[in-house]
Amino acid sequence: MPCIGQFRRRLIPSILLFLFVFRSPNRTKTMKTQIQSLVAGALQHLADEGVIPADAIPTPNIDRTRDSKHGDFATNVAMALAKIARCKPRDLAEKLVAALPDSDQVERTEIAGPGFINFYLAPAAYHQLIPAIMEQGSAFGRSNLGAGKRVQVELVSANPTGPLHVGHGRGAAYGSAVADLLEAVGYEVHREYYVNDAGRQMDILGTSVWLRYLELCDEPLTFPANGYKGDYVWDIAATLHRDHGDSYCHSTEEVFDDIPADEPEGGDKEKHIDALIHRAKVLLGDNRYRFVFELGLNTILDDIRDDLSLFGVDFEEWYSERTLMESGEVNKMIERLRKSDHVYEEGGALWFRSTAFGDEKDRVVVRDNGQTTYFASDIAYHMDKLERGFDRVIDIWGADHHGYVPRVRAALKALGDDDSKLDVLLVQFAILFRGGEKVPMSTRSGSFVTLRELRKEVGADAARFFYVMRKCEQHLDFDLDLAKSQSSDNPVYYVQYANARICSVLRQAADKGIDAQPSSGTKNLERLTEPHEQALLVTLAKYPEAVEAAATHEEPHQLTHYVRELANDFHTYYNAHKFLIEDTALRDARMKLILATRQVLRNGLLLLGVSAPESM
RNA sequence: GUCCCAGUAGCUCAGUAGGAUAGAGCGCCUCCCUCCUAAGGAGGAAGUCAGGGGUUCGAAUCCUCUCUGGGACGCCA
């Protein structure tokens with residue numbers, strides 16, 4: 001399998017997940033799924049009695065109620081099935097309620113409104129939740145929904161021609177959260193960074209490095225308009241100069257002899273830089289050119305790896321475009337298209353007939369100069385992903401690639417592969433605001449803010465959280481001042497503070513000689529009767545549902561909203577009641593409640609890639 | 001020009017994928033701070049869910065048209 005390096009293979013977590021899946025088959029049983037199976041049982045019973053047709057039994061839809069007056073859960077099946085059953089919704093609801101299997105979880109049911117069946121859970125159902133959370137610990141909220149299916153997630157995949165900027169940061173945070181969520185619900189996740197180390201842009205980088213090096217050798221020259229002008233290019237050139245002196249040096253006359261004019265001189269900047277690349281290859285020879293090229297590539301790739309790792313974003317694999325080409329996958333792909341008659345030659349180039357698959361225009365796979373296009377590599381890469389046997393393939397791309405999606409799908413269809421396994425999530429750019437003003441950013445002028453700078457300014461936690469607060473396709477206004485502020489207006493701070501506050505209470509308890517980890521059974525949990533406590537218990541119970549929803553919809557923002565809600569419930573509870581009180585039974589119950597709350601806060605934050613510090 | 005995404009309270013956004021009286025934070029108004037962290041707390045006002053039409057028991061949510069805003073189009077990578 002082609003790859004230039006396999007870092008941090010996640011074997012250990014996979015093994016743990018494997019064990020966990022086999023040891024805890026009940027973990028997926030959220031309160032919601034328990035209600036669901038009760039209703040399913042009732043439906044089956046009605047089908048057996050001929051009230052509803054046996055072939056029309058749906059998976060019952062169970063919802064949390066918006067209003068606690070309507071109980072904890074509600075189902076609309078009676079309304080949904082009324083027509084088929086030729087029965088009034090409320091009448092059907094009554095029959096359903098009568099057919100419900102007994103459960104110690106449900107205290108009572110009620111038929112309401114046009115035909116809703118409301119479920120009121122027994123207090124015990126919530127009280128059992130606390131020991132369950134404490135027992136499962138960091139596994140609480142995880143499930144086996146994915147059933148160990150293999151999913152490949154491609155994220156970031158920025159060209160290694162410079163440091164990551166804040167646009168890549170959102171893709172990294174979002175993709176990482178999606179991958180982690182999928183892992184949490186039982187998928188075997190393979191995170192992959194596709195390294196574009198073969199294209200023309202990399203040649204431009206290598207040549208840029210060499211030209212800067214020549215300047216360090218005191219060769220006066222005009223740097224090309226289309227070259228990479230960032231300071232990091234100087235740094236790489238300086239390394240080359242420091243380690244190898246003048247041995248890569250050629251005179252300006254030699255280098256620029258007969259090179260077509262650059263744009264500022266009225267020429268074509270593309271032709272200018274292409275000629276310089278060619279000249280570099282000729283003057284340096286294959287080996288020495290390769291050396292400069294690799295120095296640039298490896299320096300930047302190392303920097304990107306380091307950057308992402310500090311951002312809490314790690315990969316199972318860094319997949320090299322170059323090895324993909326060298327392995328012959330690209331040619332194999334072209335041959336397959338040729339055999340199935342999906343390509344044709346025109347104007348010296350080889351075109352893929354993507355219009356036959358709904359694309360608006362045919363696309364070039366081999367240019368008239370014989371070079372395969374980036375698109376060709378990308379088709380081969382996706383073909384390879386499917387050949388590797390993944391059940392699902394998810395691409396996290398910048399929204400500017402959206403025109404690209406139909407092309408890749410078309411190509412997969414043409415190859416006879418199943419493109420429904422592919423999901424492409426497009427991530428919009430984030431706009432930074434400082435002091436209420438947009439931070440100007442443009443790649444052209446090189447004035448983009450790097451991910452590293454952002455991390456330094458607001459910290460990895462705030463950056464990770466803010467990046468995933470909105471749906472991926474939505475524009476994100478990133479308020480730097482808010483992200484830095486230590487106040488409850490800052491959602492990251494607010495959530496982390498809830499965790500720290502609980503830790504603080506536990507420290508206080510320890511100082512007072514109070515047992516902060518009471519081990520007495522669940523009996524005293526019945527003392528948790530305050531509305532704030534009930535609310536907190538309900539929110540804790542929702543956590544597995546929130547993880548499941550966020551994972552299945554690939555929407556980490558749902559989890560950010562959840563942890564905020566949980567933190568809010570805790571803070572209001574904290575403000576309303578004291579925990580370290582004389583009444584030991586009630587105190588023990590409250591200690592257990594806040595311990596469980598801390599566990600769930602931690603689990604949620606960690607899933608989002610955010611730390612849970614014990615003090616602020 | 002073609003296509004994609006969005007439009008919900010003054011602002012920034014949720015809205016459990018078709019459900020019951022549309023929510024939160026900020027801002028605004030009223031009240032409160034001897035208390036495990038006041039880097040706060042309690043309450044209140046605030047909405048034609050851009051607009052029209054449709055689908056059905058039921059629509060912010062699905063379909064359709066219109067308006068407004070943002071974005072994408074390459075023998076670049």
Side-chain angles (χ1 to χ4, degrees), chain A residues 32 61-67 69-70 74-76 78-80 82-83 88-89 112-116 118 158-159 161 196 198-204 226 270 321 346-351 360-369 371 373-375 377-378 398-406 426 428-429 431 433 469-477 479 482 485-491 493-494 497 500-502 504-509 511-512 514 542 545-546 548-550 552-553 555 557-558 560-562 564-565 568 571-572 574-581 590 594 615-616:
Chain A
K32 193 180 201 163
N61 199 351
I62 310 294
D63 287 317
R64 283 262 171 203
T65 56
R66 207 191 297 267
D67 190 332
K69 274 183 281 186
H70 297 134
T75 181
N76 63 351
M79 290 177 285
K83 197 173 255 180
K88 284 181 191 165
F116 289 103
N118 294 334
N159 284 345
T161 53
N196 290 119
R200 175 169 167 265
Q201 292 304 316
M202 287 309 300
D203 279 321
I204 296 178
N226 215 17
E270 306 293 348
E321 179 186 7
E346 190 180 298
L350 190 69
W351 296 71
E360 52 192 25
K361 196 171 171 254
D362 288 343
R363 311 290 171 176
V364 172
V365 281
V366 185
R367 288 201 275 168
D368 58 3
N369 63 8
Q371 296 223 314
T373 57
Y374 175 88
F375 177 45
S377 301
D378 228 26
D400 53 337
H401 286 67
H402 102 91
Y404 222 75
V405 181
L426 299 172
Q428 284 284 351
F429 207 77
I431 301 160
F433 283 82
M469 276 196 307
R470 306 270 174 266
K471 274 182 219 169
C472 65
E473 71 268 20
Q474 223 153 50
H475 295 268
L476 171 72
D477 290 342
D479 186 334
L482 182 63
S485 81
Q486 304 215 332
S487 78
S488 59
D489 298 343
N490 178 353
Y493 181 85
Y494 187 69
Y497 183 39
R501 226 173 192 180
I502 294 169
S504 167
V505 172
L506 298 178
R507 283 191 296 268
Q508 302 261 350
D511 287 350
K512 293 181 181 174
I514 292 170
K542 281 190 203 168
E545 294 158 30
E548 192 178 307
T552 53
H553 298 108
E555 290 180 351
H557 79 273
Q558 291 200 28
T560 67
H561 282 100
Y562 173 84
R564 247 165 123 168
E565 185 188 344
N568 181 50
H571 284 303
T572 52
Y574 176 96
N575 287 318
H577 298 283
K578 283 200 67 132
F579 308 145
L580 304 177
I581 49 177
R590 288 184 172 169
I594 66 170
S615 63
M616 303 298 285

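Chain identifiers are assigned alphabetically (A, B, ...) following the order of the sequence lines, protein sequences preceding nucleic acid strands; residue numbering begins at 1 within each chain.
- Nucleic acid contact class of Glu321(A) (heavy atoms, under 4.0 Å, all strands): none.
- For His557(A), the ring-ring contact (aromatic ring centres under 6.0 Å, His included) partners at least two apart in sequence or on another chain are His561(A).
- Comparing A20(B), A39(B), G19(B) by their nearest atom to the side chain of Ser487(A) picks out A39(B).
- Going from the C1' atom of U16(B) to that of G54(B) covers 27 Å, rounded to whole Å.
- Among the nucleotides A17(B), U16(B), A20(B), the one closest to the side chain of Arg64(A) is U16(B).
- For U37(B), its base sits under 3.5 Å from the side chain of Tyr497(A) at one donor and acceptor pair at least.
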- Task: Spell out protein contact along nucleotides 3-9 of chain B as letters: B when the base is contacted, S when just the sugar-phosphate is, - when no protein heavy atom is under 4.0 Å; keep the 5' to 3' order.
- Result: -SSS---
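- With distances taken from any side-chain atom of Ala112(A) to the nucleotides A20(B), A42(B), U12(B), the minimum falls on A20(B).
- Counting atom types as modelled, Asn118(A) pairs a side-chain N or O with a base atom of A20(B) as donor and acceptor under 3.5 Å.
- Summarising the geometry, the separation between NZ on Lys512(A) and P on C35(B) is reported as 13 Å, rounded to the nearest angstrom.
- An anti orientation is assigned to A72(B), its glycosidic angle lying beyond 90° of 0.
- The partner of A6(B) is U68(B), by the rule that a Watson-Crick or G-U pair needs both atom distances under 3.5 Å.
- Nucleotide G47(B) forms no Watson-Crick or G-U wobble pair with any nucleotide shown, as no partner meets the under 3.5 Å limit on both distances.
- Per the geometry, CZ belonging to Arg66(A) stands 11 Å off C1' belonging to U61(B), to the nearest Å.
- Checking U37(B), A77(B), A14(B) against every side-chain atom of Asn159(A), the shortest atom distance belongs to A77(B).
- For C13(B) and G18(B), the P atoms lie 25 Å apart once the distance is rounded to whole Å.
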